[in-house]
4 protein chains.
Amino acid sequence: MGIRVAIAGASGYAGGELIRLVAGHPEFELVAATAHSQAGHRLDVVHPQLAGLDLILGETDAATLADADLVFLALPHGQSAALAAQLPPEVRVVDLGADHRLADPYAWANYYGGTHAGPWTYGLPELPGQRELIAGATRVANTGCYAAAIILALAPLVAAGAAAPADVVVVAASGTSGAGKAAKPHLLGSEVMGDLSPYRVGTHQHVPEIKQATGATGLSLTPVLAPMPRGILATVTAVPARGVDPRAVLAEAYADAPFVHVLPEGAWPHTAATLGSNSCHLQATVDVDSRRMIVLSTLDNLGKGAAGQAVQNANLMCGLPETTGLSVWGVAP
Amino acid sequence: MGIRVAIAGASGYAGGELIRLVAGHPEFELVAATAHSQAGHRLDVVHPQLAGLDLILGETDAATLADADLVFLALPHGQSAALAAQLPPEVRVVDLGADHRLADPYAWANYYGGTHAGPWTYGLPELPGQRELIAGATRVANTGCYAAAIILALAPLVAAGAAAPADVVVVAASGTSGAGKAAKPHLLGSEVMGDLSPYRVGTHQHVPEIKQATGATGLSLTPVLAPMPRGILATVTAVPARGVDPRAVLAEAYADAPFVHVLPEGAWPHTAATLGSNSCHLQATVDVDSRRMIVLSTLDNLGKGAAGQAVQNANLMCGLPETTGLSVWGVAP
Amino acid sequence: MGIRVAIAGASGYAGGELIRLVAGHPEFELVAATAHSQAGHRLDVVHPQLAGLDLILGETDAATLADADLVFLALPHGQSAALAAQLPPEVRVVDLGADHRLADPYAWANYYGGTHAGPWTYGLPELPGQRELIAGATRVANTGCYAAAIILALAPLVAAGAAAPADVVVVAASGTSGAGKAAKPHLLGSEVMGDLSPYRVGTHQHVPEIKQATGATGLSLTPVLAPMPRGILATVTAVPARGVDPRAVLAEAYADAPFVHVLPEGAWPHTAATLGSNSCHLQATVDVDSRRMIVLSTLDNLGKGAAGQAVQNANLMCGLPETTGLSVWGVAP
Amino acid sequence: MGIRVAIAGASGYAGGELIRLVAGHPEFELVAATAHSQAGHRLDVVHPQLAGLDLILGETDAATLADADLVFLALPHGQSAALAAQLPPEVRVVDLGADHRLADPYAWANYYGGTHAGPWTYGLPELPGQRELIAGATRVANTGCYAAAIILALAPLVAAGAAAPADVVVVAASGTSGAGKAAKPHLLGSEVMGDLSPYRVGTHQHVPEIKQATGATGLSLTPVLAPMPRGILATVTAVPARGVDPRAVLAEAYADAPFVHVLPEGAWPHTAATLGSNSCHLQATVDVDSRRMIVLSTLDNLGKGAAGQAVQNANLMCGLPETTGLSVWGVAP
């Protein structure tokens with residue numbers, strides 16, 4: 001018998017991807033999937049891609065979830081903390097929301113607002129020493145999707161002194177599933193197809209999370225909505241230390257990371273190559289004209305940016321091999 | 001140690017998907033992947049989605065392939081027969097090309113031309129009795145991608161006397177990966193995005209294959225290229241027998257088929273729901289105005305329409321459960 | 001000084017396209033653009049593509065509209081009739097909604113419901129004799145978008161006895177702007193990109209309109225939502241009279257129509273080629289296997305399918321050349 | 001009788017858009033459209049969106065072109081100079097290629113190679129004093145497409161001392177038509193849909209052009225191919241002077257420019273809003289965290305980035321109002 005898994009917020013995009021991964025996981029057994037307005041509906045009506053999975057969405061409440069060994073919370077920001085507080089301490093919990101990511105209450109207040117729940121173990125196993133912390137934790141805060149792409153690109157370079165932390169400029173484009181499943185006019189297909197549209201320029205809530213995890217002290221982030229369902233491309237530029245080879249620094253940092261691939265020289269990352277996988281693809285260079293370091297990072301915002309990473313964290317928390325039930329390879333074209 | 005697998009034509013889209021499936025298959029071991037003009041190149045340069053899979057594409061020749069227990073041929077039409085003839089009889093072979101699909105040499109001459117190689121066991125396990133034939137075969141001809149979608153929609157209805165075979169009208173739209181990876185001007189992204197374009201109207205080479213497998217005697221097929229990488233939607237209409245419920249006929253026919261899902265009443269198939277899976281989604285109704293039966297069928301042209309189906313056939317040929325290494329669930333959105 | 005034009009329903013997609021066309025029209029002067037929930041907003045915030053057009057959306061009421069010489073109504077179905085009834089008889093009105101399209105109250109009741117307002121002059125100038133009727137009318141009912149594409153493909157063939165009216169099978173795919181601007185979950189970009197999804201199979205409200213305008217007596221219509229903002233591709237099949245050349249029939253019927261192009265033999269219509277134009281592209285053949293006639297028809301659902309056609313009708317009503325202010329040529333790629 | 005216009009390179013994407021604009025221009029008369037491998041073909045076969053325009057593509061040679069009053073050269077880089085040299089001095093020539101953009105032979109050698117033809121009048125009318133220079137010129141070098149978007153965003157800020165020229169970081173994404181019509185594997189629809197892919201990172205040939213036109217001294221440019229046919233979004237960041245309001249600087253600079261729109265505060269530019277138009281949309285802010293200035297710029301790469309701008313320049317050269325035959329408004333959605 002497997003590890004009993006419950007998923008709260010199963011009707012959203014991250015929730016649907018979590019169900020797909022959990023249902024195909026050799027050690028996990030899905031015992032409950034809950035929702036809010038969609039509770040009581042058939043799963044295959046809410047998520048047609050899960051046709052054949054015979055399940056009714058339940059109500060999101062602590063009693064339902066507490067019966068599981070492992071709980072994934074894929075709720076809107078601000079709704080995880082209260083629910084998590086009602087779960088027994090021995091139940092392992094991975095929160096895909098932002099509630100437990102930030103240590104700094106001022107950053108929380110500035111970018112999210114409301115009560116600051118306080119930090120859990122940060123769920124990015126590829127940070128130095130983090131894999132072990134996650135393995136020993138029962139409460140883990142998954143990263144934000146942009147944050148994952150940008151931190152993986154930047155953290156080893158700042159840590160090695162290869163990139164100056166004070167003037168990091170990031171432009172990051174995301175597929176529309178990153179904006180969620182709520183029906184908003186600007187997310188209509190008619191609006192997003194054929195369109196690139198920047199938003200929350202300089203005010204995106206992942207800025208403090210990225211700074212916390214990388215040590216960057218000045219970070220300009222311009223997020224862009226791109227005409228594709230999934231995928232993030234982050235272009236991260238910084239002032240390099242003299243003579244540094246950023247690709248070599250990244251290659252060394254991720255030599256043993258099964259999901260982070262520093263591409264062969266001359267190959268640039270594509271978002272499409274990561275679709276459906278838990279992989280992050282990286283490449284780096286130093287620009288000949290400006291002498292800025294440019295790091296390109298791609299991942300699937302619902303994979304390594306959300307549900308895949310959550311399963312990776314859960315694997316570690318449960319003592320399983322990190323890669324169990326996850327794909328290194330993308331579904332392309 | 002697993003079943004040793006070789007893939008010829010590994011540089012194309014079906015070839016790339018085959019590698020992804022074989023690399024993730026618990027009983028298969030990929031021992032060779034061969035190509036023509038791309039031989040000698042790194043796999044992760046030809047297929048960036050397979051980053052981390054350390055492999056060089058080999059030359060396509062019989063000696064390389066003969067060393068495997070199981071060979072997938074994903075070659076352009078007309079190139080499989082000569083190569084297959086050089087493989088030892090005990091090597092199991094699944095041909096994703098058309099060479100061995102048609103029993104009728106005149107149909108072959110009309111739609112393909114060149115030497116008619118003659119039929120192998122037809123690789124659609126969901127046809128009555130076919131699962132057993134495939135399990136006993138060492139040579140299996142995978143279906144065409146349009147053919148798979150249309151046959152699954154139509155065959156049980158003709159067989160049950162529910163649909164008249166003489167006047168079947170099909171419009172079927174495919175994602176662009178169905179047109180292959182050769183760089184042709186009309187397949188450029190600039191041309192296909194935002195565009196629906198019919199082609200080979202009334203002359204598509206899957207017509208005789210569909211007629212052979214379903215018993216249809218008159219079939220109008222209008223293929224359409226659609227602005228998406230993957231997916232087929234076939235709209236199949238026919239004259240129904242009086243009082244027939246086509247959905248019930250299909251539901252009964254596929255009650256035990258793990259990959260064919262007749263959707264709940266009121267739900268129409270979406271191509272996106274099948275992406276990356278080996279599933280086919282079906283729905284049927286009788287039109288109130290025209291009294292024609294309309295059956296809608298969706299699948300992933302590289303999944304159930306090509307590589308996924310090939311693995312399903314190979315599983316049967318190797319005595320494995322049909323679903324081994326395949327996903328029932330799509331990657332969506 | 002030009003013809004004074006008012007547009008009701010200016011915040012929707014057809015409304016936005018109407019404003020673009022009217023603002024660029026050499027004889028029209030836009031004096032009012034009205035909306036419902038968006039009244040009071042800047043036009044360039046509601047329609048960013050109209051940046052530089054300095055205008056505030058007004059309230060939709062008869063007093064505002066009555067001040068114009070020419071009124072376009074681009075309102076949800078069921079809202080035009082009451083408003084139109086309040087306008088002075090000398091004001092020319094083109095209704096882009098369905099309220100005044102159907103002559104048959106039973107068809108209205110079946111497909112729309114509510115009070116049947118009764119028919120106006122049908123606004124498809126390419127039907128025989130219709131150009132003259134429109135030129136003499138002060139009330140014109142624009143066609144539906146699917147209806148325009150299908151009627152242009154079918155009407156001359158039925159009229160010439162070339163196509164049998166009793167068994168017409170149509171599959172027609174539309175870009176998402178045809179579904180309007182209301183934020184509905186299934187119209188989200190994440191849902192529609194990469195997806196073909198049929199809907200209202202056999203129950204679409206354009207069926208009676210097409211039958212009325214073409215003389216078809218049995219019509220199966222399967223509408224499909226396609227992953228592109230604009231464009232309709234209709235595949236129309238029917239049983240041909242013996243020996244008929246459907247392309248020749250169409251070429252003769254549209255020899256003098258500036259916006260309907262029967263393509264050179266061997267060329268199939270593309271939706272993308274009609275984007276932004278008021279053109280309809282046609283091609284026809286007889287299928288070799290099934291002996292069915294297949295007619296392919298493409299147009300821009302917001303152009304010849306809505307706003308462009310409305311301007312074409314208005315030109316005729318105002319005694320202007322039919323093509324004034326309209327483009328024959330598409331914006332591609 | 002109008003100004004007689006010839007277009008060389010009419011088979012490409014910029015060429016097709018030029019024909020559309022010239023054919024709809026009230027003062028221009030298209031007398032020749034020439035091509036290389038497509039010479040002798042019907043225009044409506046090469047450009048299906050121009051169905052109804054009865055024209056055969058001619059051979060590109062000086063004799064054909066010299067008969068016109070105005071010649072547009074839309075040729076691959078390196079092919080304009082030799083052809084232009086053979087045209088009579090009184091013939092007005094707009095070159096859409098790069099041959100005559102750069103004043104610095106070293107920059108030419110570094111980024112393009114081959115013989116440096118030397119600069120013509122730079123064709124960006126919105127630069128201070130440039131409108132008058134263009135009006136007096138018979139040879140004008142159109143800008144690059146990325147260059148247009150980035151220069152319009154940056155030039156007034158550097159000129160006003162509002163942005164430091166030494167550390168400009170740009171990420172700019174383009175629709176695929178910017179990559180041309182040559183059939184290359186990485187431009188296939190299957191590859192580009194759902195994908196963002198960076199290319200020529202730090203080595204793009206528009207860098208010296210942008211520096212020349214803006215006075216930037218250090219410029220990092222990361223170009224990205226985006227999954228849409230048309231449109232450029234440039235994100236331009238720089239270190240601002242203390243207390244500067246970049247939006248106000250831009251609004252003042254473009255107060256009289258009919259095609260450059262500084263959007264209302266709070267509105268960010270969308271690429272889709274500029275499709276088919278000759279407009280550029282701008283917005284600017286200062287990032288709260290990093291204190292960098294961020295300027296967003298969008299345009300249609302075939303419009304203001306190529307063919308539209310060429311017509312704007314030609315209008316000025318011919319003494320016509322700048323806006324003749326061009327649209328300020330985009331075709332959206």
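Just so it is clear: chains get the letters A, B, ... in the order the sequence lines come, proteins before strands, and each one is counted from 1.
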Heavy-atom pair count under 4.5 Å with chain C, highest-scoring of D/P264, D/A267, D/P227, D/P258 = D/P264
message = Counting heavy-atom pairs under 4.5 Å with chain D, which one of C/L275, C/L302, C/V328, C/L50 comes out on top?
response = C/L50
With 3.5 Å as the limit, can you list every donor-acceptor pair between chain D and chain C, backbone and side chains included?
residue, atom, partner, partner atom, Å
D/Q49, O, C/G330, N, 3.0
D/Q49, NE2, C/A332, O, 3.3
D/R230, NE, C/P333, O, 2.7
D/R230, NH2, C/A332, O, 3.3
D/G330, N, C/Q49, O, 3.0
D/A332, O, C/Q49, NE2, 3.4
D/A332, O, C/R230, NH2, 3.3
D/P333, O, C/R230, NE, 2.8

query = Can you tell me how far CG of C/L124 sits from CG of C/L127, rounded to the nearest 0.5 angstrom?
reply = 4.0 Å
query = Are any of the side-chain heavy atoms of D/I56 and D/L43 separated by less than 4.5 Å?
reply = no
message = Between D/V5 and D/V31, does the side chain to side chain contact (heavy atoms under 4.5 Å, CB included) criterion hold? Intermediate values first, please.
response = CA-CA 6 Å; D/V5 175; D/V31 296; 5.7 Å; no
Flag side-chain contact, heavy atom, 4.5 Å: D/L263 against D/L296 = no
query = So which heavy atom on C/L225 is nearest to which on C/G175, and how close?
reply = CD1-O, 4.3 Å
ask   = Of the listed residues (C/P229, C/A332, C/G52), which shares the most heavy-atom pairs with chain D below a 4.5 Å separation?
value = C/A332
inquiry  = If you count heavy-atom pairs within less than 4.5 Å of chain C, which of D/G276, D/A51, D/P48 leads?
reply    = D/A51
inquiry  = Working note: C/L154 + C/V295, criterion side chain to side chain contact (heavy atoms under 4.5 Å, CB included); need CA distance, chi angles, decisive distance, verdict.
reply    = CA-CA 8 Å; C/L154 184 62; C/V295 191; over 6 Å; no
message = Evaluate D/L30 against D/F28 for side chain to side chain contact (heavy atoms under 4.5 Å, CB included), listing each step before the verdict.
response = CA-CA 6 Å; D/L30 183 64; D/F28 289 169; over 6 Å; no
remark   = D/A173 meets the side chain to side chain contact (heavy atoms under 4.5 Å, CB included) criterion, sequence neighbours left out, with A/L196, D/V224, D/A226
request  = Quick one: which of C/L53, C/I19, C/V45 has the most heavy-atom pairs under 4.5 Å with chain D, could you say?
outcome  = C/L53
